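What's counted below: heavy atoms across the whole structure, side chains too, no hydrogens, waters or symmetry copies. Nothing here was measured: the structure is a model prediction, and the numbers come from that model.
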There are 2 protein chains.
Amino acid sequence: MHKTLASAQIHVAVDLMIVTVRDGKMAVLLSRRPQAPCAGCWALPGHLLPLEESAETAAESLLREMLPIDGAYREQLFTFTDVSRDPRGRVISIAYLVLVPWQRLEGCLTREEVKLACFTVCDDAKQSALVGPETILLDGPQLAFDHGQIIRTGIRRLQGKISYTDVGFHFLQSTDAFSLRELQMIFEAVLGEEMDKSNFRRSILARYETTGHISQTEDIQKSGRGRPAVLYRYIP
Amino acid sequence: MHKTLASAQIHVAVDLMIVTVRDGKMAVLLSRRPQAPCAGCWALPGHLLPLEESAETAAESLLREMLPIDGAYREQLFTFTDVSRDPRGRVISIAYLVLVPWQRLEGCLTREEVKLACFTVCDDAKQSALVGPETILLDGPQLAFDHGQIIRTGIRRLQGKISYTDVGFHFLQSTDAFSLRELQMIFEAVLGEEMDKSNFRRSILARYETTGHISQTEDIQKSGRGRPAVLYRYIP
DNA sequence: AATAATTATTGTTAATTTGACAATAATTAT
DNA sequence: ATAATTATTGTCAAATTAACAATAATTATT
C-alpha cells in the first residue's frame with residue numbers, strides 16, 4: 001500500500017472524462033501517469049476532492065486548471081467504489097463527463113504535450129478500443145485503475161442521451177454558427193453509425209426549430225467543395 | 001459540529017431511496033430520526049460506507065438489514081456532495097434507488113413500525129409533496145438533510161426510464177403472474193398521468209411479447225368484478 | 001333468471017412519424 | 001463548359017401513435 005494515503009479512511013477522488021469529437025470519432029483526454037501506481041499507464045485527469053469543495057465545483061476547478069476552457073458542459077457520470085480499484089488504499093471516484101468541441105481542445109493540448117495525449121474511441125465489434133500513436137484496449141492493462149470502465153460508462157451515457165437531449169450540441173465548435181452536417185457528424189461519431197442526411201435534418205428541425213431552440217442565421221458556410229451549407233444558431 | 005465525526009476528513013454515506021407503488025401512487029420509505037441533527041425529521045435510510053465494502057454491496061446489505069427482502073432491483077442514483085448538506089461535517093452521500101413491490105414492503109413495515117413510515121408521493125402542480133399521517137413538502141424543513149432533493153432526483157430518474165426500460169416491472173407483486181392492468185397502474189403512478197388501456201397494452205406487447213420477454217400464462221385473475229384478466233409472466 | 005354494471009380484450013381509423021430513396025440546387029475542381 | 005461534390009428539398013410507402021368504438025366475460029342487482 002502506498003504511503004501517501006492514510007489507510008484507515010476512505011478517500012474521495014474526482015475524475016474527469018473529457019470527451020470530444022475529432023475526425024468523426026469520439027476522443028477522450030488522457031494523461032500518462034509519471035509515477036506509481038500504474039506508472040506509464042494512461043489515466044483520466046483527476047485529484048482528491050478538497051474538504052471544502054463540492055464534487056461539482058471540484059470538477060469545475062480541476063477542468064479549469066487543466067484547460068483554459070470556460071463553460072464546458074459537465075454532468076456527473078457515476079461513482080466508482082470497488083474496494084480494490086486503487087492499490088494505494090480505499091479511494092472512490094466520482095466521475096464527471098465533460099464535453100468539449102475539438103477545436104477548443106486542440107489548442108490546449110499542444111501546450112502541455114508531455115502530460116496529455118488524445119486518443120480516438122472506436123467501436124470495434126462491441127469491443128471499444130483506444131487508438132492513436134498506440135492502440136489501447138479499454139479493458140487492457142494500459143489504462144490506469146478502472147478508467148476503462150469509467151470510459152465505457154461515459155460512452156454509453158452519451159449514446160443513450162444524444163437522441164433525446166441536447167448533449168450533442170456541446171461538441172459544436174460554435175453554437176452560433178453550425179451546419180446541420182456538422183451536427184450530424186457528431187451524432188454519427190457518438191452513435192457509431194451513419195445516418196440519412198435528409199431524415200436527420202428533418203428530425204432535428206422538427207424537434208428544435210419548431211420550438212425555437214434552433215434558428216437559421218444569415219450566414220452560410222464559406223469553405224469546402226459543393227453547395228455551401230446554411231448555418232444555424234442554437235438557443236438553449 | 002457534531003462530535004462523532006472526525007472533522008478533517010470526508011465521510012462517505014450510502015443512502016437508500018426505497019420506492020414502491022401503493023394505491024396508484026409512488027411511495028418512499030422514510031424513518032423518523034430519533035436524534036440530532038434533524039431530530040424528528042424524516043430521512044432516507046442510510047449509513048456510513050464501511051472501509052472494506054463497495055457502495056454497491058453496502059447498499060445491498062443495508063437493504064437486507066432493514067427489510068427481509070432479497071433480489072430487489074437497485075441502481076446507483078446520484079452522489080450528493082454539497083459542502084453543507086450535513087451539519088455534522090463533511091459527508092457525501094451515494095444514493096441508491098431501490099424498487100420494491102408494495103405487497104412485499106407492507107409486511108415489513110408493521111414489524112418495525114416505530115422507525116419506519118411510508119408516505120405517498122403526489123405530483124401537486126410540479127411541487128411534489130409527501131402525504132400520509134402528515135403532509136410534508138419535499139423542499140420543506142421536515143425532511144432531513146438534502147433528502148428532498150434526493151427523492152426528487154429519484155422520481156425524475158424513474159419517470160425518465162420507465163418508458164424505455166423494464167424498471168416498471170420491478171414494482172409487480174409477482175413477475176410470474178401479473179395483469180396488464182396492474183402494470184399499467186404502475187406506469188400511471190410513476191408518470192402521474194392516465195394512459196389509454198388499449199394503446200398501453202399494444203405498446204407493451206409489441207415491445208415485450210414479440211421479443212419473448214413477456215408471455216401469457218394459463219392462469220387468469222381470480223378476484224375482482226368484471227371480466228377476469230389474463231395473467232402474464234415476465235422473463236428478463 | 002334476467003338485467004345492469006364492471007372490467008378486459010379486440011378492433012378501427014385517421015394522423016403522425018419513420019425509413020429509404022430520388023430529385024434538385026449551388027458551389028468548387030477540371 | 002463540364003464534371004464532381006455537397007446541401008437541400010421532395011416523395012411515398014410502411015410503421016407507429018392517438019383517440020375511440022365495439023365486443024367479451026365476469027360480478028352485482030333486481
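As rounded to whole Å, 14 Å separates atom C1' of C:dT16 from atom CG of B:Asn199. One atom, CD of A:Glu194, and another, C1' of C:dG19, lie 15 Å apart when rounded to the nearest Å. Across the protein-nucleic acid pair, A:Met195 atom CE and C:dC21 atom C1' stand 16 Å apart, rounded to whole Å. The distance between atom CG of A:Leu205 and atom P of C:dT17, rounded to the nearest whole Å, is 14 Å. In this structure, A:Lys197 places its NZ atom 14 Å from C1' of D:dG10, rounding to the nearest Å. Summarising the geometry, the separation between CE on B:Met185 and C1' on C:dT7 is reported as 13 Å, rounded to the nearest angstrom. The OH-P distance, from B:Tyr232 to C:dA8, rounds to 12 Å in whole Å. Rounded to whole angstrom, the span from the CZ atom of B:Arg207 across to the C1' atom of D:dT17 amounts to 14 Å.
Residue-level contact check: A:Ser198 touches the bases, meaning some heavy atom is under 4.0 Å from a base atom.
Using a distance-only test at 3.5 Å, with no hydrogens or angles considered, a donor-acceptor pair links the side chain of B:Gln76 to the main chain of A:Thr79. Judged by distance alone, with hydrogens and angles left aside, the side-chain atoms of B:His170 form no donor-acceptor pair with the main-chain N or O of B:Tyr73 at under 3.5 Å. Judged by distance alone, the side chain of B:Arg104 and the main-chain N or O of B:Asp70 form a donor-acceptor pair under 3.5 Å. When atom types are taken as modelled, the side chain of B:Arg157 and the backbone of B:Leu77 share a donor-acceptor pair closer than 3.5 angstrom.
Proximity of residues 160-184 of chain B to DNA chain C (heavy atom under 4.0 angstrom from any strand atom) is restricted to B:Arg181.
Distance from the side chain of A:Val230 is smallest for D:dT8 among the nucleotides C:dT9, D:dC12, D:dT8. Closest to the side chain of B:Asp196, from the set C:dC21, D:dT11, D:dC20, is D:dC20. Residue B:Arg227 has its side chain nearest to D:dA25 when only D:dA19, C:dA20, D:dA25 are considered. Side-chain atoms of B:Ala229 lie closest to C:dT9 of the nucleotides D:dA7, C:dT27, C:dT9. When the nucleotides C:dT9, D:dT26, C:dA25 are ranked by their closest atom to the side chain of B:Arg201, C:dT9 comes out on top.
Remark: aromatic rings of A:Phe169 and A:Tyr208 are close, center separation under 6.0 Å.
Contact of A:Arg202 with D:dG10 (side chain to base): no donor-acceptor pair of N or O atoms is detected under 3.5 Å. The base of D:dA25 does not come close enough to the side chain of B:Arg225 for any donor and acceptor atom to sit less than 3.5 Å apart.
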Give the dot-bracket string for DNA chain D, reading 5' to 3', where a pair is Watson-Crick or G-U wobble with both distances under 3.5 Å, ( ) marks pairs inside the strand, [ ] marks pairs crossing earlier ones, | marks a partner on another strand, and . marks unpaired.
-> ||||||||||||||||||||||||||||||
Any chance you could lay out the side chain to side chain donor-acceptor pair (under 3.5 Å) test for A:Asp176 and A:Tyr234, step after step, and finish with the verdict?
-> CA-CA 6 Å; A:Asp176 278 345; A:Tyr234 171 63; over 6 Å; no
Go through B:Ser93 and B:Asp15 one step at a time and tell me if the side chain to side chain donor-acceptor pair (under 3.5 Å) criterion holds.
-> CA-CA 6 Å; B:Ser93 162; B:Asp15 288 319; 2.7 Å; yes
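Nearest heavy atom pair, residue B:Thr81 against residue A:Ala55, reads OG1-N, 2.9 Å.
Toward the 5′ end of DNA chain D lies the nearest nucleotide of A:Gln221, the other residue of the pair B:Lys222 and A:Gln221 mapping further downstream. Closest-nucleotide positions on DNA chain D for B:Gly226 and A:Leu231 were compared, and the one nearer the 5' end corresponds to A:Leu231.
Classification of B:Arg22 and B:Glu106 as a salt-bridged pair fails, no side-chain N sitting under 4.0 Å from a carboxylate O.
Residues A:Val28 and A:Met17 are in side-chain contact: their nearest non-hydrogen atoms beyond the backbone lie under 4.5 Å apart.
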